[in-house]
Peer 1: 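This is the structure, below, for whatever I ask next.
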Amino acid sequence: MGLVDLRLDDTELSSCVACGLCLPHCPTFRVTGEEGLSPRGRIDAMRSVQWHGANVDDDFVRFMDTCVQCRGCEPACPSGVPFGHLMEGTRHALVDAHRSRQRWLRAAFAVLSRHRLLLAGSTVLALAQRLRLVPKRLGFARLPLRRGAAVAPRGDDDGDHIWLFTGCVMDAWMRPTHRNTAALLTAAGATYDVPGAGASCCGALHAHAGLVDEAADLAAQVVQAMPGDVPVIVNSAGCGAAMKDYGRLVGTPAAVAFSRRVVDVNEWLAERLDQLPTPLRRPPPVIVQDPCHLRHVQRAHEPVRAVLRHVTDVVELDDDGLCCGAGGAYSALQPELANTVRERKVAVIGRATARSGATIVASANPGCIMHLRAAGLDVRHPVDIVAEALTL
Ligand code: SF4
Ligand code: SF4
């Protein structure tokens, strides 16, 4: 690729003191032991390109492409290095500098913002899975053939009125979770609107891939589609993390104001547990797996526990929130590393099962749910577990 201007913020880039405290929290370093596949090694490679004029070679691209963007390195870092910004900026520069990379990424992600096409494509893929036409090594979890009715707006502007964001993949692959989310919001006393076609994708996957301009366009559409000053409820950790960052991505006062209204559904419900019914019978305990974008980015993983504890007991994992390897589109783009990282998580979940007898895993992100289901685990969204326990 040759010389590339990464255009990274020099203050952010210089904030790493190379202490290495982030290394145990990096899934790609944990499974490879390779310095270049650690946060410190990746930052060192970025500095070589930005500060010392090094060429962008195959090794540099591999170091960047193999990052899951889990941001597990951020809370572990005593210097507060904003690694997510650095990686997003680097991928943006790589996409700008490499036209063919830009073209195929654009083609791959175009379907996310064309909701009817995404629904039709998902149905075709689900059918192909039933006919055994999709090789198992691709690692796709079983997609639904039928998804039922889309969530419709409920109620007027009286009471606790909010927006429910339905998105792209969540609606195509996990629509029953939207219906259960709506039922829980209603049980907690809220009425809600759902956005129209203008807000069919939050742009998170585009931003991760370096398609920052496309991500900003989609973000601006989402902001416009949900006006007002009421909360915007999101039940996908990856989407919520992206939407809480719209102020930085889009950079307008409207986007800054919008990002402050974004609330993960578990955060919202955890403050209203007294308004929910109590279960007649408590189901068996569940194991909690924290999606990285809920734990490391939104830092909103505790409310999941509060919501689950309303109906059952919670079993913790012993890996300090290490990534499962899903990483949005990462499991499709880097299947070997994603599967190796997942093997560690499956072993950790196995230990939790051996300790507690619990077999159901709760995870509040569609990517993690599908990635772990593909390994044969029974993984459900917390909202589904709670709604079922309350027979809503
Ligand atoms: S974002 Fe995740 S995979 Fe990437 S360097 Fe940080 S800890 Fe490692
Ligand atoms: S990113 Fe933070 S924790 Fe990791 S080596 Fe740099 S300063 Fe240390």
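Both ligands and their constituent atoms are indexed starting at 1 by order of listing.
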Peer 1: Calculate, to the nearest 0.5 Å, the distance between atoms CG and NE2 belonging to D319 and H25 respectively.
Peer 2: 11.0 Å

Peer 1: Provide the closest heavy-atom pair for G240 versus V234 in the form atom of the first, atom of the second, distance.
Peer 2: N-CG1, 3.6 Å

Peer 1: Please evaluate residues R380 and T177 with respect to the criterion side chain to side chain donor-acceptor pair (under 3.5 Å), reporting the C-alpha separation (whole Å), side-chain torsions for both, the decisive distance (0.1 Å), and the verdict.
Peer 2: CA-CA 9 Å; R380 307 181 195 177; T177 303; over 6 Å; no

Peer 1: Charged N to carboxylate O under 4.0 angstrom, D264 versus K244?
Peer 2: no

Peer 1: For ligand 1, which atoms have a heavy atom of R42 less than 4.0 angstrom away?
Peer 2: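 Checking each atom against R42, I get 3 (S), 4 (Fe), 5 (S), 8 (Fe).
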
Peer 1: With V315, which of I287, V286, I349, V288 fulfils side-chain contact (heavy atoms from CB on, under 4.5 Å)?
Peer 2: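 Only match with V315 under side-chain contact (heavy atoms from CB on, under 4.5 Å): I287.
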
Peer 1: Give me the residue, atom name and distance of the protein heavy atom closest to atom 5 (S) of ligand 2.
Peer 2: G20 N, 3.2 Å

Peer 1: How about D9 and H85: does a side-chain donor come under 3.5 Å of a side-chain acceptor?
Peer 2: no

Peer 1: How far apart are the closest heavy atoms of H115 and S200, and which atoms are they?
Peer 2: CB-CB, 4.0 Å

Peer 1: Indicate, as side chain, backbone, both or neither, the part of F29 found under 4.0 angstrom from ligand 1 when only non-hydrogen atoms are considered.
Peer 2: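 It is neither part, as no heavy atom is under 4.0 Å.
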
Peer 1: In the protein, what heavy atom is nearest to atom 4 (Fe) of ligand 1, and what distance, to one decimal place, separates them?
Peer 2: C67 SG, 2.3 Å

Peer 1: Consider only side-chain N and O atoms of D57 and N55, and report whether a donor and an acceptor are under 3.5 Å apart.
Peer 2: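 No - no donor-acceptor pair under 3.5 Å links their side chains.
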
Peer 1: Look at atom 8 (Fe) of ligand 1 and find which of C26, G72, C70 reaches it with the closest heavy atom.
Peer 2: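 Among C26, G72, C70, the closest heavy atom to atom 8 (Fe) of ligand 1 comes from C26.
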
Peer 1: Please list the nearest protein heavy atom to atom 3 (S) of ligand 1 with its residue and the distance rounded to 0.1 Å.
Peer 2: V68 N, 3.4 Å

Peer 1: Would S363 and R373 count as having a side-chain donor-acceptor pair, cut-off 3.5 Å?
Peer 2: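 Checked: S363/R373 side chains show no N/O donor-acceptor pair below 3.5 Å.
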
Peer 1: What are the two closest non-hydrogen atoms of C26 and S38, and how far apart are they?
Peer 2: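 Where C26 meets S38 most closely, the heavy atoms are SG-CA, 4.1 Å.
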
Peer 1: Quick test: of every protein heavy atom, which one is nearest to atom 2 (Fe) of ligand 2, and how far off is it to 0.1 Å?
Peer 2: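 Scanning the protein heavy atoms, the shortest distance from atom 2 (Fe) of ligand 2 goes to C77 SG, 2.3 Å.
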
Peer 1: Please report which non-hydrogen protein atom sits nearest to atom 6 (Fe) of ligand 2, along with the residue it belongs to and the distance in Å to one decimal place.
Peer 2: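 Residue, atom and distance for the closest contact: C16 SG, 2.3 Å.
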
Peer 1: Do me a favour and list the nearest non-hydrogen protein atom to atom 7 (S) of ligand 2 with residue, atom name and distance?
Peer 2: V17 N, 3.3 Å

Peer 1: Just jot down the ligand 2 atoms closer than 4.0 angstrom to any heavy atom of C19, in number order.
Peer 2: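 Near C19, meaning under 4.0 Å from one of its heavy atoms, ligand 2 has 3 (S), 5 (S), 7 (S), 8 (Fe).
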
Peer 1: Does C73 put an N, O or S atom under 2.8 Å from atom 2 (Fe) of ligand 2?
Peer 2: no

Peer 1: Under a 4.0 angstrom heavy-atom cut-off, which atoms of ligand 1 come close to F83?
Peer 2: 1 (S), 4 (Fe), 5 (S), 6 (Fe)

Peer 1: In this structure, does ligand 2 have an atom that sits under 4.0 Å from one of the heavy atoms of P39?
Peer 2: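 Under 4.0 Å: no for P39.
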
Peer 1: Suppose I only count heavy atoms of P78 and a 4.0 Å limit; which atoms of ligand 2 are within that range?
Peer 2: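 Counting from 1, the qualifying ligand atoms are 3 (S).
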
Peer 1: Is it the case that the side chains of R47 and S14 hold a donor-acceptor pair, with the cut-off being a distance below 3.5 Å and no angle test?
Peer 2: no

Peer 1: Could you see which bit of E74 sits under 4.0 Å from ligand 1, with heavy atoms only: side chain, backbone, both or neither?
Peer 2: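 No part of E74 is near ligand 1 at this cut-off.
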
Peer 1: Counting only heavy atoms, which portion of C22 has something under 4.0 Å from ligand 2: side chain, backbone, both, or neither?
Peer 2: both

Peer 1: Need the ligand 1 atom indices (1-based, order shown) with element for anything under 4.0 Å from a heavy-atom of R71.
Peer 2: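 With R71 as reference, the close atoms of ligand 1 come out as 1 (S), 2 (Fe).
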
